[in-house]
Structure formats: structure tokens, C-alpha cells
Amino acid sequence: MAKTQRTYDLDANALASSLRGELIRPGDASYDAARKVYNGMIDRHPALIVRCADVADVIAAVNFGREHGLLVSIRGGGHNAGGLGVCDDGLVIDLSLIRYTHVDPVARTVRVGGGCTWGDVDHATHAFSLAVPSGFISTTGVGGLTLGGGIGHKASKYGLTIDNLLAADIVLADGRFVTADEQHHADLFWALRGGGGNFGVVTSFLFQAHPVHTVYAGPMLWELEQAPAVMQWYQEFITQAPDDLNGFFAFLIVPPWPPFPEHFHNKNMCGVVWCYSGAIELAEATFRPIREKFPPAMNFVGPIAHPALQSMFDPLYVLGHQWYWKADFVNKLSDEAIERYIYHGSRLPTMRSTMHLYPVNGAAHRVGKNDTAWSYRDATWAEVIVGVDPEPAKKDLIVGWARQYWKDVHPYSTGGAYVNFMMEEEGEARVKASYRDNYERLAAIKGRYDPANFFRVNQNIKPAL
Ligand SMILES: Cc1cc2nc3c(=O)[nH]c(=O)nc-3n(C[C@H](O)[C@H](O)[C@H](O)COP(=O)(O)OP(=O)(O)OC[C@H]3O[C@@H](n4cnc5c(N)ncnc54)[C@H](O)[C@@H]3O)c2cc1C
């Protein structure tokens, strides 16, 4: 039965006073800051933001949202390009206060609160010379990145982030709290590893960590004239590289500040950002033949503490820039495809805009495509094209460039894309294409755990009933 405005207000007041966190409403001093997400293009106005301090707050928020028929979004790190952490007129379950880490150095595991960023995890694990495979930047939320898959520097050695997920505590749509792992709610545990925020609010993650302290890593950059040869070589090289060596290919514009020499400032170039996670004494011998084959214009590869590598790009990409993303999975780069990649890659519209090819190789590649919900284990790369700029006035420019780039290279792709690199607007067919034959199983599990599609502000999987 529909509730009256007065009942709603009374219930909202009761919710506010029951929380250990806080309830933020339009008109509150903190409202505008609380509704902001990483992508400055997103400007949504929720009716309520529940900043949860603990699991009890999350349960209360889920129950309130369900009882009042509200649209509900879950906000982890707020990094999602489509702004899926926030919604218009609904309720945002904001996990940013649930931010703790607990490392067990003997078991080499780390328990992580649902609102942590990867910087929090790197900070905690590095003290024990451990690390969990994550992404390429430290400000991204653990929640969204993990539930979508998690592609990063250590994918070839230790797999995707989900391949290192041991358990998740989750508040379901009916307000129940369960732990999902291989032994308990195994169907849900399977779905959480790639199925995004479709199944509930994950309040804590338990990860396997690995011995990582100092890696040999950084960018190697070449002039654009070398791009055809470098791309050809890179495709052969990276698909046969040992698990210890990972590297993503990029078109980029050199930032106009140190450590880049002035004559390269604002220059459109290509490069590979390497990460060698093997024995440090073997690193030089690994990179020497690459430098000899293609002497780079700039080489920043060297020993670096793991958290420093993970936060290397943080200063370039800060909160509030305009972002527009397009993506695909790619298996092979034909000569024709390479030509198209280079055409658009050498016409980057702004200094921060870029195109990356992230390898899905080594350990990430060897997991079976039905072993987790993340289907594209057989892809060679997850490609992402991102238009980025601090200026809202550049919105049309970066959107137009990214769309055209994608349109021209999409025919050479597999058809699906990494869900974490898609904007909200891409629709059901793209989501299905990204999960392939895992979609049906995901829909069945969604039907069991969230039959009313209560959690639908995500790359949505429709419940099969
Ligand atoms: C600068 C930048 C760099 C990136 N680099 C990488 C990378 O290297 N590798 C990679 O794999 N991805 C990368 N991404 C993509 C990233 O994985 C997604 O944007 C992801 O959605 C961000 O997670 P979040 O928690 O910060 O997002 P949010 O916007 O908070 O949430 C995104 C989605 O995840 C769900 N969600 C978040 N937390 C939870 C939770 N605790 N429980 C249930 N659902 C939850 C939300 O419902 C929402 O649908 C990058 C993004 C940015 C902006």
C-alpha cells in the first residue's frame, strides 16, 4: 500500500535517529558534496543519502528503500563512469564510512570494508609486503571494481581481483545478511564475481593477498611514427609474455610537467605501462631486449614500491573531471584495425584523453569462462577509450571523439565489453553480450536473490522468475 508523505517523513526521521552514520537530505549543508561522484558529468539529485557506518545501517537503509518503493543505488568508491553509485529521486546507500582493513599476515588475507578504496587496501597490505590484484589507480572503490571483475597490473600473475576474492558479506534485497563463499551460497558467490552490484550490498570483502613489495614498473613511451611497428610487436609479445610481465598499451598526451622533459610536453605519443612482478634481479634482463628493439623516447621503468605504482596516475585523474567511456573486448589486432586505432589515437582531443588495451592474459586468461560470472577469459584485451577533461565546455568534444573512435574500431572487437568500462546508456543487449552464456545463470540467481530487481542501478541483469 502506498504510504503518505507524512508517514514517509516520520519513517525517514526514525531512520535518521536509528543510524550510527547519517541521513543526508536535499537542503542539508553536506547534500551537494555527498551527491557528487568522480565523473563531473554526473549531476543527480537523490531524495535521501544514507551514509552507513556499519552493517546495521545498511540493513536499515535497504529495508527503508524497499518499504517505501524507492529507487536505490549503492555507492562504493563513487568512481563508476556512468554514475551508477548515485540516482535521481531515490535513496543512495553510501558505504564511504565503512572503511576498514584487517590484514592476516599468516593466512595472507585481508578483510576490507565495503566502502574502501584500493589505496586503503594497498596501504594496509604493503606494511606486510603483500598486495591484492586490483586496477591501475588507487582512488577507485573496492566495491564496484571487484564486483565487476577487476583488471590491473597483476592480472597476468595473480588473475583478476575476483580470482582473489574468498568471501563476501552481503545485505540482500529482503534485508537478510549472508556470507557468500565457495561453501555458503555458492551460487551467489559465483554471481558476485563479475555480476556487479546486482545482488545486494557487499559490506565486507575477504581477499587472498600475495607477496608483493617492490615491482619493476612504469611507462615506456615512443613517438607516434613508431606506433604501427610497436603495436604489431606488442601484440605478439604480450600474448606470449611470462606471467611475471604485464603491460598495457596506450595512446596518450604527455602531461606538461616533470618528470617529462619539456620538449615532450603536450605531445601525442604511444606507450606501454609495464609491471614486472618477478625477481627484481632479473628485471633489467627482461626489459633490455625491448629497449634495444624499440629504443623509447622516454623510459620510466624501474624499481617502485607497489603502492607508488598503484597511485602513479592519481594526480593526473582527480575527482570532478568530465569523463566519457566506450569499451570493447578485443582478441586480435589486424593491420586494418591497427590503422584505425592509430588514426584516432593520434587525434586525442584533450591532454587526459586516452585509449588503453589492458591484457586479459596469464592467470586471468586461464580461468574457465564459466568458473565465475566474468565470461571473457578468452579475450586478449579489455579496451577502453576515454575522453577526459576538467572543463565542462569540452564535454561534446570528448564525447564525440570517444564515440567515433569506438564506432571505427568496434567491428574488430568480440562484441562484448568489460561492464566496469561501460557508461549507463549502453542497454540490455550490451550487458547480455558482455556476459554471453553466463547471462542466463546470472538471471536465474538474480531471480532467487532479488526477484523484484530492487538493485537495478547497475549494469542490470533482469531477474528470471
Ligand atoms: C579513473 C578510473 C580508473 C579505473 N581503473 C580501473 C582499472 O584499472 N581496472 C578496473 O577493473 N576498473 C577500473 N575502473 C573502473 C571501475 O572498476 C568502475 O568504475 C567501478 O564501478 C568503480 O567502483 P566504485 O566502487 O568506485 O564505484 P561506484 O560508482 O561507487 O559503484 C559502481 C557500481 O558498483 C556497485 N557497488 C559499488 N560498491 C558496492 C558494494 N560494496 N556492494 C554492492 N555493489 C557495489 C554500485 O551499485 C554501482 O552499480 C576505473 C575507473 C576510473 C574512474
Side-chain angles (χ1 to χ4, degrees), residues 36-42 44 52 55 58 62 72-87 92-96 98-99 112-119 133-155 160-162 168-173 180 191-192 194-205 246 248 273 275 309-325 327 352 354 356 358 360 364 374 382 384 386 388 417-424 450 454-461:
K36 271 205 181 86
V37 288
Y38 186 77
N39 186 352
M41 258 185 217
I42 308 294
R44 303 216 172 108
C52 301
V55 175
V58 175
V62 166
V72 166
S73 70
I74 308 163
R75 180 190 173 119
H79 254 225
N80 188 270
L84 295 174
V86 68
C87 57
V92 174
I93 299 180
D94 178 342
L95 303 174
S96 57
I98 307 185
R99 209 161 164 177
V112 177
C116 281
T117 65
W118 281 104
S134 56
F136 300 96
I137 198 157
S138 83
T139 52
T140 308
V142 170
L145 181 135
T146 301
L147 297 169
I151 305 176
H153 287 298
K154 289 171 296 302
L160 302 179
T161 305
I162 46 171
D169 290 338
I170 180 164
V171 176
L172 303 172
L192 288 177
N198 272 282
F199 300 93
V201 187
V202 177
T203 53
S204 97
F205 296 87
N246 205 351
F248 71 83
V273 181
C275 178
L309 171 67
Q310 292 300 128
S311 53
M312 185 179 268
F313 300 110
D314 292 4
L316 186 62
Y317 294 119
V318 298
L319 178 84
H321 289 169
Q322 309 284 301
W323 282 80
Y324 189 80
W325 299 56
R352 289 174 176 81
T354 187
H356 293 168
Y358 296 124
V360 183
W374 209 90
V384 67
V386 283
V388 193
Y418 174 36
V419 288
N420 272 350
F421 291 163
M422 281 161 42
M423 298 284 283
E424 195 183 21
D450 183 14
F454 177 68
F455 297 112
R456 60 184 177 280
V457 185
N458 42 45
Q459 297 299 347
N460 195 234
I461 294 158

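These numbers come from the heavy atoms of this one structure, side chains and all, not from hydrogens, waters or symmetry mates. Ligands are counted one by one from 1 in listed order, and the atoms in each one are counted from 1 as well.
- To the nearest 0.5 angstrom, W323 atom CH2 is 9.5 Å from R352 atom CZ.
- To the nearest 0.5 Å, the span separating CZ on R75 from CD1 on I93 amounts to 13.5 Å.
- Listed as neighbours of ligand 1 are Y38, I74, R75, G76, G77, G78, H79, N80, L84, G85, L95, G114, G135, F136, I137, T140, G141, G143, G144, L145, L147, G150, I151, G197, G200, V201, V202, W323, W325, Y418, N420, F421, V457, N458, each bearing a heavy atom under 4.0 Å from the ligand.
- Considering CG of N80 and CE of M422, their distance stands at 10.0 Å, rounded to 0.5 Å.
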What pairs of donor and acceptor atoms, side-chain ones from residues 135-142 against any protein atom, are under 3.5 angstrom apart with sequence neighbours left out?
from: S138; atom 1: OG; to: D314; atom 2: OD2; distance (Å): 2.4
from: T139; atom 1: OG1; to: H79; atom 2: NE2; distance (Å): 3.2
from: T140; atom 1: OG1; to: H79; atom 2: ND1; distance (Å): 3.1

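- Among residues two or more places apart in sequence or in another chain, the side-chain contact (heavy atoms from CB on, under 4.5 Å) test is passed with N458 by N198, F455, N460.
- For Y418, the ring-ring contact (aromatic ring centres under 6.0 Å, His included) test picks out W374, F421, with sequence neighbours left out.
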